[in-house]
Amino acid sequence: MVTPWAVGLALTVCRRALHPCSHRHMVLGNRGWHSLGKKHLGAHRSLPQRGANSSLPQRMAYSSLPQRMAYSALPQRGAYSSLPQRMAHSSLPQIMAYSSSTESAFNVFDRKMKRKQRNWAACQPNAQQYDYLKEEVGARIADRVFDIARVFPFALDLGCGKGYISKHLIKETVEKLVQADMSEKALKNSVPTEIPTNNIIVDEEFIPFKDGTFDLVVSSLSLHWVNDLPRTFHEIHRVLKEDGVFIGAMFGGETLYELRCSLQLAEIEREGGFSPHVSPFTAVTDLGNLLGSSGFNMLTVDTDEIQVHYPGMFEVMLDLQGMGESSCSWNRRSLLHRDSMIAAAAIYQEMYGEKDGTVPATFEIYYMIGWKPHASQAKPAKRGSASASFADLGRVNEILSKIKGKEN
C-alpha cells in the first residue's frame, strides 16, 4: 500500500471534497473455483453499486514490465519486531508474545510499523468510511461458516480487526468466540456481537494457544501481512481440534494491478527505472500446496474479484491508507517524486479510466477451506477398486438395458 506522506502529497495535487461512501462504487465478480477436494457451496453476497459502469476494464500493460512488482500493492508477508501485548476487553489471561526479526528466515515487512498503521486507521473519526471492503469479505467468510451444517462450540477469529466476521455470525452457529488481532485500537473499537466474545492481542505468526483448542478458525484479509505463512498455517493446524476447520481469505496476485502498472510506468518515464516496493503475492496453486503441507485435507481454494470505482488514483491511495493497508516493507522507498505521482495519475486515467471519468481498483481475493484430519472423515477409495470405467460413460444406456434384461 502507499505510505501516509504519499497520500498527503497526492491530496495537495488533487483537492477533492470527499463525502463518506460517495466517491466509490463496487463491482463484484466471481473468478472461479479451484477445488482441491471438499466441494464448497458458498453463496456470494452482493453490494449495491455506487456507479454506473460495471464492466471490467481491459488489462493493458507493457509486456516488458513485470506485472507483480508493485509500489502500492497489498503485501503478502511481513516480519515482526517485538510487540508489547496488552489486553483489550478480554477476560482471558494476559498473553505476551514477543518475536524478533532475526528469528525467521523471512524478514520482509516491519510488523511494528503495520501495527502503528492499523492503530492510526482505527482511531480516525471517519474510520467506518473505509471498512467497505473488509466488511464485504468478512460477510463472505461468514457465509462459508453457515454452509457447514454443524455448531462450533469454540472459535478463533485470527486478525479480526474490528470484528468484520463476528458481526455476521450468530450464537446458534458459534457458541463462543476469541477475537485476536495485533492492533489494540481495532479490538477496542470492535463491533458488539451476540456471541460471547473475548478479545486478545496476538501476533498471527505466534498463536499462543494450546494444541487442539478450537473447533473453528477464521481469518479475513490479515494473513497477507504475515512474514512466515507456512509457519502460520502450521500454527492454525496445531490449535484446531481433530475434524476442525479453517476458513480464511487473503489478497491474491492481481490485486491493484492498475495502480501497480501505473506507478511503474510513471517511474520509468520520470526517473529512468522503477523499484520493487513490495514482494509478490501468493499464487493460488502455492496456497493449496502450503495448506496441504501444513496437514490440512479436503482442501478448497477459490478466487474472486471485487472491483471498486474511484474518481482518480489519489482517492484510491487515500482509501488504502484509511484501511490501514499502507506499505510497511523494510525496503520501501522513503520518497516518491511529485512528478512521478502526477504522471502515474495521468497514466492510470488514460489506461484504465471509464467513460464516466472514474477509474477501477481491482482486489483479487483467495478464499480457502481446510480440515484437520479425523477418522470419521470421508477417505478416497483405493486405487483399482472402481467397478466401472470412464471409457464406458458413453455406453451407459446400453449397460443399464443389459442389466435390466438380466434381472427380468
Side-chain angles (χ1 to χ4, degrees), residues 20-21 40-48 86-95 118-119 121-202 204 207-210 212-223 236 239-241 243-249 323-324 365 367-369 371:
C21 299
H40 178 53
L41 304 176
H44 293 297
R45 301 163 60 92
S46 60
L47 294 181
R86 296 191 295 272
M87 300 300 296
H89 299 287
S90 175
S91 61
L92 294 179
Q94 183 170 358
I95 297 176
R118 288 184 174 177
N119 282 334
C123 291
Q124 298 308 300
N126 59 342
Q128 293 183 350
Q129 174 184 347
Y130 306 105
D131 289 341
Y132 53 92
L133 183 63
K134 294 184 177 181
E135 288 182 353
E136 172 62 18
V137 176
R140 297 187 183 193
I141 292 292
D143 284 344
R144 286 160 167 79
V145 175
F146 291 134
D147 289 337
I148 302 174
R150 68 167 61 177
V151 177
F152 299 98
F154 200 21
L156 169 66
D157 185 354
L158 187 62
C160 64
K162 289 184 283 186
Y164 302 108
I165 300 177
S166 62
K167 65 185 295 184
H168 300 285
L169 299 176
I170 57 177
K171 59 183 178 181
E172 288 77 13
T173 301
V174 176
E175 296 179 349
K176 188 176 180 181
L177 177 68
V178 173
Q179 293 188 140
D181 197 272
M182 64 187 298
S183 170
E184 67 273 13
K185 300 296 184 182
L187 287 172
K188 184 178 179 180
N189 297 327
S190 60
V191 179
T193 176
E194 64 182 56
I195 304 172
T197 303
N198 293 314
N199 294 343
I200 183 172
I201 300 176
V202 169
E204 293 92 338
I207 305 177
F209 300 104
K210 295 181 180 180
T213 302
F214 300 100
D215 304 276
L216 168 70
V217 176
V218 294
S219 180
S220 179
L221 301 185
S222 175
L223 297 182
I236 293 173
V239 300
L240 275 173
K241 296 179 181 178
D243 202 32
V245 60
F246 166 59
I247 305 177
M323 295 177 191
I365 314 296
Y367 298 94
M368 67 203 90
I369 301 177
W371 294 77

TODO: Over 60° means perpendicular and under 30° means parallel, so classify the ring planes of F154 and F214, tilted if in between.
DONE: tilted
Open item on the list: Nearest 0.5 angstrom please: I200 CD1 to D181 CG, how far?
Closed with: 11.5 Å
Open item on the list: What I'd like to find out is whether the side chain of L240 reaches to under 4.5 Å of the side chain of F246, using heavy atoms alone.
Closed with: yes
Task: Residue pair T193 / L169, side-chain heavy-atom distance below 4.5 Å - done: no
Open item on the list: Would you say that L221 contacts Y164 through its side chain, given a criterion of any heavy-atom pair below 4.5 Å between the two side chains?
Closed with: no
Open item on the list: Any heavy-atom pair between the side chains of I148 and I247 that's under 4.5 Å?
Closed with: yes
Open item on the list: Let's go through K176 and N198 carefully: what are the C-alpha distance in whole Å and the side-chain angles of both, what is the deciding distance for side-chain contact (heavy atoms from CB on, under 4.5 Å) to 0.1 Å, and is it a yes or a no?
Closed with: CA-CA 8 Å; K176 188 176 180 181; N198 293 314; 3.8 Å; yes
- [ ] Check the surroundings of atom NZ in K185: do more than 12 heavy atoms from other residues, nucleotides or ligands lie under 6.0 Å from it?
- [x] no
TODO: Dump the intermediate steps for side-chain contact (heavy atoms from CB on, under 4.5 Å) on D243 and R150, then the final yes or no.
DONE: CA-CA 12 Å; D243 202 32; R150 68 167 61 177; 3.0 Å; yes
Task: Non-hydrogen atoms of A142 and H168 that approach each other most closely - done: CB-CB, 3.5 Å
TODO: Might you point out which heavy atoms bring A122 and A127 nearest each other, and give the distance in Å?
DONE: O-CB, 4.2 Å
Open item on the list: Using side-chain contact (heavy atoms from CB on, under 4.5 Å), reason through K167 and E135 one step at a time and then give a plain yes or no.
Closed with: CA-CA 9 Å; K167 65 185 295 184; E135 288 182 353; 3.5 Å; yes
Task: Heavy-atom check, side chain of S166 versus side chain of V191, under 4.5 Å - done: no
Open item on the list: Given 3.5 Å as the limit, does a donor-acceptor pair link the side chain of S219 with the main chain of G248, or not?
Closed with: no
Open item on the list: Please find the pair of heavy atoms, one from Q179 and one from L187, that lie closest to each other, and give the distance.
Closed with: O-CD2, 4.0 Å
Open item on the list: Could you tell me if the side chain of C160 sits less than 4.5 Å from the side chain of I165, heavy atoms only?
Closed with: no
Task: Pair R144-M368, side-chain contact (heavy atoms from CB on, under 4.5 Å): steps then yes or no - done: CA-CA 10 Å; R144 286 160 167 79; M368 67 203 90; over 6 Å; no
- [ ] Determine the minimum heavy-atom distance between E175 and V151, stating which atoms define it.
- [x] OE2-CG1, 3.5 Å
Task: Side-chain heavy atoms of R118 within contact of S222, under 4.5 Å - done: yes
- [ ] Report yes if some heavy atom in the side chain of K162 is under 4.5 Å from a heavy atom in the side chain of K134; otherwise report no.
- [x] no
